[in-house]
Amino acid sequence: MSAEPTANAAPDASPAPSDFIRDIVARDVAEKRHARIVTRFPPEPNGYLHLGHAKSICLNFGVARENHGVCHLRFDDTNPVKEDAEYVESITRDVRWLVEGWADQCLGFKPKGATPAAGTVNGKPDFHLSAVAAGAEAEPFFASDYFEHIHGYAVELIKRGKAYVCDLSPQETDAYRGAPDHPGKDSPFRNRSVEENLALFARMRSGELPDGACSLRAKIDMASPNIWLRDPLLYRIRHTAHHHAGKKWCIYPLYDFAHCLSDYLEGITHSVCTLEFEVHRPLYDWILQSLELPRTLPHQYEFAKLNISYMVFSKRRLLQLVSDGAVAGWDDPRLPTLAGARRRGIPAAAIRRLAATVGVTKYESVTDIALFEHAVREELNAAATRRLAVLHPVKVVLTNIAPGETVTCRAVDNPQDPAPRTREVALTREVFIEQDDFAEVPPPKYFRLKPGGEVRLKYACIIRCDEVVKDATGRVTELRCTADLATRAGQPDADRKVKGTIHWVSADRSIEAEVRLYDRLFTVPEPGATEDFQRHLNPRSLEVVRARLEPSLAAARASEPFQFERLGYFTPDAKDSRPGALVFNRTITLKDTWAKPAGKG
RNA sequence: UGCCCGAUGGUGUAAUGGCAGCACAAACGAUUCUGACUCGUUUUGUCUAGGUUCGACUCCUAGUCGGGCAGCCA
């Protein structure tokens, strides 16, 4: 039996993307500089992942995937005061979700509890920790697992006269640093002897010194035009327990010191990060070169982070929205977090598709949200099972169908499927249609139901509106119509054309459900541009309706994608939906080219 | 009056000295038992000024505009 490619294999079948990072990797592969390409995704566990991180994940895992390499998930957990194990859990979950079915074979974990192993390379002592598959006995990498090694490298730097213990207070350190347009000046502690530095660093580690009393600094150049080369801090004192390393340490390495060494210890070949770290690159290289390490050194490359119109990505602002109660939590479906996107019904493949569309450059662009929405619809159009549902019901009585009578109709599950499945839907005397699909005084070019007019009930038959029933306030309460049963599929007049076809559900053979209709969270294209961004919150970002669904939807599984015909894509809410108390989220509407003319009319 | 980085239609990108292409968006049309999908047509672009070259989006110089860098955050 030959294995037929499945219809959903499209993302994997698409041509490999090309960009300046991939060009560099391709060059290194061609020159055989590395036995294997190793990248990494290194979040700090201090918040939830969002679409911006997704771009980085797609890049790092994509590069690994296209080169038969591996991408390590590593927690850059060097600042215990900001971090929490809760975030380790959510980040791990989100990464797995995003790469599942695409690059899970590249997801590099390490054996549980493993730390870099000692060895000898080219006659020099060395440490190395390589990846294993992300199975049951594995866990992500943690920078905090390397604290002992990183500490050793700090001692080595001191011995080489390239680092010193500085007693300047944080404020004094700031003052000595100078400014971008004028040089700093040397710390008075810069020329301590190796022995003194070693003794002082040991006292820092021993716990006898309070937070801020002193720090370990690289000895580089206080006059460098690059601020990050003005004797940057390597270690600070923090009498704080660590969520992963426990209570073992009271000194913690800073990002710049820990990151390059973590990359080295793991054998990372290409260390890809966002543009704001560009000015840190000389420091990254300085640390690794100063240590004269025996293996090939990793290199850092930078790309522009993702921005999407009508969204905010900054961790600070996201946190503000959550803590101010503007949204229900980190997984609120209106948020651009991966947890929120997943709950909303956005497929991981759509996010990967978006990443491929926006590409990788060094230009700080703002991606039109339409590109994102298009990626979501493309994915869902192929994947979503079609169902009938009415969001804002109005009752229609088909006067020529007897009470209790059922006319069985056949509906298609997904016309995009090469061999579509079908199901039965019941047409009964009373049905619901969408309020929008009837107009007593129709605007020009209105295709839908109007007094005396005809419309087709999808999968059923053409109906004619004979009578409009209203209550005392003039609100339409009921439409009395005649069904032309000869226009059903397989009947003589099946091919009779009317301009409009609308969706519907049987009144008594349908079920009720809560449906949450989401709109964009902000009303302006760049909400993050100003501090008072919450002023631009869309007051109508969430509308909750009681809808009527065709009964088969009672069996919908969490996160299963559906298209409610003519309305959009929907999925059961993974948190709140219960049998008998269904809750659906609207992922996104269908494109609606009628909305504009209708609005004008 | 510092250093680093960037700039191609409305948006995101491709062209790596040789026909400025693709996708989205927009507009119009065809098709349609989803005003969806699909298909067709159309509109719109190389920041500016010099230079090198047979030839410049691409290389050089200067400028303009935008972003980043002065946490014991990452």
Side-chain angles (χ1 to χ4, degrees), chain A residues 18-20 23 42-44 46 76-79 81-83 166 168-170 173-175 177-184 211-217 224-230 232-238 252 254-256 258-259 273-282 302 304 308-309 315 354 356-375 377-378 381-382 386 388 411-412 415-416 445-448 456-462 487 489 494-495 497-503 563-568 589-595 597-598:
Chain A
S18 166
D19 54 65
F20 79 99
D23 289 349
E44 184 188 19
N46 68 347
D76 226 341
D77 54 348
T78 56
N79 186 5
V81 305
K82 288 195 173 182
E83 298 159 9
C166 178
L168 253 24
S169 70
T173 306
D174 265 359
R177 186 157 29 230
D181 57 353
H182 67 268
D211 287 7
C214 52
S215 61
L216 184 73
R217 293 231 253 166
S224 170
N226 183 343
I227 299 282
W228 292 99
L229 261 19
R230 321 246 262 228
L233 272 75
L234 269 19
Y235 264 94
R236 80 289 227 188
I237 302 172
R238 278 264 192 289
Y252 292 96
L254 277 112
Y255 164 84
D256 287 292
H259 199 89
C273 60
T274 47
L275 244 25
E276 65 265 31
F277 294 102
E278 213 163 14
V279 288
H280 295 238
R281 192 188 334 134
E302 310 86 12
I308 300 179
S309 60
K315 209 167 265 182
L354 174 74
T357 301
V358 300
V360 180
T361 66
K362 299 184 80 159
Y363 176 63
E364 298 248 25
S365 57
V366 179
T367 297
D368 191 331
I369 193 169
L371 263 49
F372 171 70
E373 294 175 340
H374 175 74
R377 291 190 180 109
E378 279 280 298
N381 181 42
R386 264 102 255 225
L388 296 175
V412 178
Q416 305 292 318
K445 297 243 183 101
Y446 190 76
F447 296 169
R448 286 111 99 144
R456 179 178 283 278
L457 296 185
K458 183 143 198 194
Y459 305 124
C461 63
I462 293 170
T487 59
D495 292 333
K497 304 291 182 201
V498 285
K499 198 64 186 164
T501 298
I502 64 173
H503 59 277
Q563 184 194 99
F564 292 176
E565 295 211 41
R566 299 211 308 133
L567 294 172
T589 61
L590 255 25
K591 261 180 79 175
D592 187 0
T593 47
W594 165 245

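Keep in mind the model is a prediction, meaning the values are calculated, not measured. Below, chains carry the letters A, B, ... as their sequence lines are ordered, and counting in each starts from 1.
Nucleotide B:A20: unpaired (no Watson-Crick or G-U wobble partner with both distances less than 3.5 Å). Both distances falling under 3.5 Å, in either a Watson-Crick or a G-U wobble arrangement, occur for no nucleotide opposite B:U1. Searching all strands for a Watson-Crick or G-U wobble partner of B:C39 with both distances below 3.5 Å returns B:G29. Nucleotide B:C65 forms a pair with B:G6, judged by Watson-Crick or G-U wobble geometry with both contacts under 3.5 Å.
In this structure, A:R566 and A:K458 have side chains that are not in contact, with every pair of non-hydrogen atoms separated by 4.5 Å or more. A 4.5 Å side-chain heavy-atom check between A:P282 and A:L229 finds at least one atom pair inside the cut-off.
A:A375 comes within 4.0 angstrom of nothing in the nucleic acid, heavy atoms only. Within the 4.0 angstrom heavy-atom criterion, base atoms lie near A:Y459. Residue contacts for A:R177: at a heavy-atom cut-off of 4.0 Å it reaches the sugar-phosphate backbone alone, with no base atom in range. Contacts of A:E364 with the nucleic acid, taken as non-hydrogen atoms under 4.0 Å apart, involve only primed sugar atoms and P, OP1 or OP2. Counting non-hydrogen atoms under 4.0 angstrom, A:L168 reaches a base of the nucleic acid. Nucleic acid contact class of A:S169 (heavy atoms, under 4.0 Å, all strands): base. Note on A:H280: a base of the nucleic acid sits closer than 4.0 angstrom, heavy atoms only. As judged by a 4.0 angstrom heavy-atom cut-off over every strand, A:V279 is placed among the base-contacting residues. Among the heavy atoms of the strands lying under 4.0 Å from A:V366 are primed sugar atoms or P, OP1, OP2 only; no base atom is included. Residue A:D174 is classed as a sugar-phosphate contact, given heavy-atom separations below 4.0 Å to backbone atoms only. Here A:G212 lies in heavy-atom contact (under 4.0 Å) with a base. At the heavy-atom level, A:Y252 lies nowhere under 4.0 Å from the strands shown. Across all strands, A:I462 comes closer than 4.0 Å to no nucleic acid atom at all (heavy-atom distances).
Applying the 4.0 Å criterion to OP1 and OP2 of B:G71, one finds that A:R236 has every side-chain N and O outside that range. Note on A:T78: a side-chain N or O is less than 4.0 Å away from OP1 or OP2 of B:A74. For the OP1/OP2 pair of B:U13 and a distance below 4.0 Å, the side-chain nitrogens and oxygens of A:T361 include at least one atom meeting the criterion. OP1 or OP2 of B:C73 has at least one side-chain nitrogen or oxygen of A:R238 nearer than 4.0 Å.
Put simply, the side chain of A:S224 gets close to the backbone of A:N226: a donor and an acceptor are under 3.5 Å apart. Side chain of A:R377 to main chain of A:T589: a donor-acceptor pair is present (N/O by atom type, distance under 3.5 Å, no hydrogens or angles).
Rounded to an integer number of Å, the gap from A:E276 CD to B:G71 P is 16 Å. Atom CG in A:D256 sits roughly 10 Å away from atom P in B:C72 (whole-Å rounding).
Each of A:L371 and A:T357 was assigned the nucleotide of RNA chain B with the nearest heavy atom; the assignment lying further toward the 5' end belongs to A:T357. If you find the closest nucleotide of RNA chain B to A:S18 and to A:D77, the one lying nearer the 5' end belongs to A:S18.
A:E44 and A:K82 are not joined by a salt bridge, as no carboxylate oxygen comes within less than 4.0 angstrom of a charged side-chain nitrogen.
Annotation: B:C19 and B:U32 have their C1' atoms spaced 38 Å apart (nearest Å).
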**Report entry** Base versus backbone protein contacts along nucleotides 35-43 of chain B [heavy-atom cut-off under 4.0 Å; B, S, -]
**Finding:** BBSS-----
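Heavy-atom neighbours of A:K445 NZ from other residues, nucleotides or ligands within 6.0 Å: at or below the threshold of 12.
For B:G71, the glycosidic angle deviates from 0 by 90° or less, giving a syn base.
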